[in-house]
Amino acid sequence: MQLPSSATVAAVVLSVVLLLCATEAHNITHILANHTQFSTFNHYLTTTHLATEINRRQTITVCVVDNAGMSDLLSKHLSINTIKNVLSFHVLLDYFDAKKLHQITNGTALAATIFQATGSATGSSGFVNITDLKGGKVGFSPADYNGPPPAKFVKSIEEIPYNISVIQISTILPSDEAEAPTPGPSQMNLTSLMSAKGCKVFAETLLASPAEKTFDDNVDGGLTIFCPGDDAMKKFLPKFKNLTAEGKQSLLEYHGIPIYQSISNLKSNNGDMNTLATDGAKKYAVVIQNDGEEVTIKTKIVTAKITATLVDKLPLAIYSLDKVLLPKELFKAAHTPAPAPAPESRAESPKHSKSPPAPASPADSPADSPADGPNGDADDLTDSGAVKYNAGASLAAVFSLWFAFNLLM
């Protein structure tokens, strides 16, 4: 048997490297978990859901501060929304490792931040100026800051070249814009927000139900609402009125998820999620699915599409749907029509032949008729939460293995 050439071996090694690079995704909370001096910073990345935003981005730099630096920030008693703005001001939308910081062209560089990308920053207030100082030091300051840089580069924490760089800076960057007060969750009127943006019927139905309190009680900790548009809800109202009082409340709560899910997160995740109606054996779960820019919410009965983003600001997200979500716990699943019998070998004359009845359309099927009770399907949804699937990485992995196999043949 002829041994593979050195070029072939090198190509195989390169393929394996490409495979590993394609399948590995960074996780900022895992990176910082190995460094207890940044535990407070790490905690607030999770609490504000900023970690999710960082993990989905490429070519970024996270400027972290230690627990003492975070104590100075927390002593200002800022709201969770404002803390998110401050921390997002510390995530640069470019890659700066230790080497690059000391080799800045002309000694200075201006970097945009996630805070700038949110649209909350005015002018250049969402940019950070990086300056290569004398004595091998590097300074960081807001672009509109007057005076010497308030923060200095301390050390590199983690470097995944051109993907993510995590560096420590000496103190929190001051920013009046980022620290400006933001409306608290308690100041938000959910039904008014929905009514003003095409979901008036759903909002009025919610207002007349005990489910309204369930929604209000969950805003502080993070809430995502899927509200059916007025046309969809009006069409559904006759069936809604046939439900019991408990069923009505469960159906409304089925349209809420007790965590904040930004539209970017929904577009990058597929998986099962519990809802506000989830309670023990009654799972009332939904499945989030995405296909490019399109996001659908799937139940055992119906698949609804997100048609618009009404609100998307931590801790609240509200999206409109083209259909009402129907849980299998309240509605019977449609049965797949039996296939028509195969035609006999002897051809019948057109006069005597009969066409099988057309299967009922989804609108006419019993799928959305109230059920007597929960369905005991064996394929119940799981409680695993959103499961991330990186199609691009999987494709790269398959290609790399195929390429390596063919070279060795």
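Basis for what follows: all heavy atoms, side chains included, without hydrogens, waters or symmetry-related copies.
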### Task
Report yes if the side chains of Leu321 and Ile306 come closer than 4.5 Å at any heavy-atom pair, otherwise no.
yes
### Task
Go through the structure and list residues passing ring pair (Phe, Tyr, Trp, His ring centres under 6.0 Å) with Tyr95, not counting sequence neighbours.
Tyr162
### Summary
Nearest heavy-atom approach of Leu266 to Gln261 is CD2-CB, 3.8 Å
### Query
How would you list, by chain and number, every residue that makes a side chain to side chain contact (heavy atoms under 4.5 Å, CB included) with Ile318, sequence neighbours excluded?
Leu193, Met194, Ile225, Cys227, Leu310, Val311, Leu316
### Query
Counting only heavy atoms not in His102, do more than 12 fall under 6.0 Å of its NE2?
yes
### Message
Measuring from atom OG of Ser124 to atom CG of Leu110, what distance do you get when rounded to the nearest 0.5 angstrom?
### Response
7.5 Å
### Task
Please find out if less than 6.0 Å separates the ring center of Tyr260 from that of His49.
yes
### Message
I need the full list of salt bridge (charged side-chain N to carboxylate O under 4.0 Å, His left out) pairs touching residues 90-117, with sequence neighbours left out, sorted by first then second residue.
### Response
Asp94-Lys100
## Note on the structure
Between Ile157 and His35, the two heavy atoms sitting closest are CG2-NE2, 3.5 Å
### Query
Can you find a pair of side-chain heavy atoms, one from Thr214 and one from Gln249, that are under 4.5 Å apart?
yes
### Check: Thr29/Asn27 side-chain N/O donor and acceptor closer than 3.5 Å
yes
### Message
Run Leu251 and Phe236 through side chain to side chain contact (heavy atoms under 4.5 Å, CB included) and show every step you take.
### Response
CA-CA 12 Å; Leu251 183 128; Phe236 175 72; 3.6 Å; yes
### Task
Mark yes when over 12 heavy atoms from residues, nucleotides or ligands other than Asn34 sit less than 6.0 Å from its CG; otherwise mark no.
yes
### Task
Quick one: list whatever passes side chain to side chain contact (heavy atoms under 4.5 Å, CB included) with Asp322, sequence neighbours left out.
Ala304, Lys305, Thr307
### Query
Does a sphere of radius 6.0 Å around CD in Glu246 hold more than 12 heavy atoms from other residues, nucleotides or ligands, not counting ones at 6.0 Å or beyond?
no
### Task
Taking the side chain as every heavy atom from C-beta outward, state whether Asn55 and Ile164 have any pair of such atoms under 4.5 Å apart.
no
### Query
Is there a donor-acceptor contact under 3.5 Å from the side chain of Thr224 to the main chain of Ile259?
yes
### Which residues share a side chain to side chain donor-acceptor pair (under 3.5 Å) with Ser141, sequence neighbours left out
none
### Message
If you apply the rule side chain to side chain contact (heavy atoms under 4.5 Å, CB included), what do you find for Val302 with Phe331, and how did you get there?
### Response
CA-CA 10 Å; Val302 69; Phe331 297 89; over 6 Å; no
### Task
Tell me, with the steps shown, if Val286 and Thr275 meet side chain to side chain contact (heavy atoms under 4.5 Å, CB included).
CA-CA 7 Å; Val286 296; Thr275 67; 4.0 Å; yes
### Task
Can you measure from CD1 (Ile31) to CD (Glu159) and round to the nearest 0.5 angstrom?
11.0 Å
### Message
Any non-hydrogen side-chain atom of Thr59 less than 4.5 Å from a side-chain atom of Leu93?
### Response
no
### Query
Minimum heavy-atom separation for Phe115 to Ala121, with atom names?
CE2-CB, 3.5 Å
### Verdict with reasoning, Met70 to Val65, per side chain to side chain contact (heavy atoms under 4.5 Å, CB included)
CA-CA 7 Å; Met70 283 299 293; Val65 298; 3.8 Å; yes
### Query
Using the ring of each side chain (for Trp, its six-membered ring), is Tyr254 parallel, tilted or perpendicular to Tyr284, with breaks at 30° and 60°?
perpendicular
### Task
Taking Thr118 for its side chain and Ser120 for its backbone only, find out whether a donor-acceptor pair lies under 3.5 Å.
yes
### Message
Which residues pass the side chain to side chain donor-acceptor pair (under 3.5 Å) test with Lys241, not counting sequence neighbours?
### Response
none
### Gap between atom CZ of Phe41 and atom CG of Leu73 - 0.5 Å precision
9.5 Å
### Query
Just by distance, with hydrogens left out, do Glu177 and Thr122 show a side-chain donor and acceptor under 3.5 Å apart?
yes
### Task
Output yes when a side-chain donor or acceptor of Thr299 lies under 3.5 Å from a complementary backbone atom of Pro327, and no otherwise.
no
### Query
Rounded to the nearest 0.5 Å, how far apart are CD1 of Ile54 and NE2 of His90?
11.5 Å
### Query
Do Gln58 and His26 touch side chain to side chain, with heavy atoms closer than 4.5 Å?
yes
### Task
Rounded to the nearest 0.5 Å, what's the gap from CG on Asp132 to OG1 on Thr108? Could you check?
9.5 Å
### Task
Could you verify whether a donor N or O on one side chain and an acceptor N or O on the other, from His43 and Thr47, lie under 3.5 Å apart?
yes
### Flag, side chain of Ser88 to backbone of Ile114, donor-acceptor distance under 3.5 Å
no
### Query
Between Asp312 and Ser262, does any side-chain donor sit less than 3.5 Å from a side-chain acceptor?
no
### Message
Measuring only between side-chain heavy atoms, which start at C-beta, is Phe226 closer than 4.5 Å to Ile257?
### Response
yes
### Message
Does Lys152, at its NZ atom, have more than 12 non-hydrogen atoms belonging to other residues, nucleotides or ligands within less than 6.0 Å?
### Response
yes
### Task
May I ask you to test the Ser264-Glu53 pair for a side-chain heavy-atom distance under 4.5 Å?
yes
### Message
A side-chain contact here means heavy atoms from C-beta on lying under 4.5 Å apart; do Lys76 and Leu78 qualify?
### Response
yes
### Query
Roughly how far, to the nearest 0.5 Å, is the CD1 atom of Ile60 from the CG atom of Asn163?
7.5 Å
### Task
Could you tell me which non-hydrogen atom of Gly126 sits nearest to which non-hydrogen atom of Thr113, and how far apart they are?
O-OG1, 2.6 Å
### Task
Look only at the side chain of Asp66 and the backbone of Gln37, and say whether a donor-acceptor pair between them is shorter than 3.5 Å.
no
### Query
Ser79 side chain to Thr82 main-chain N or O, any donor-acceptor pair under 3.5 Å?
yes
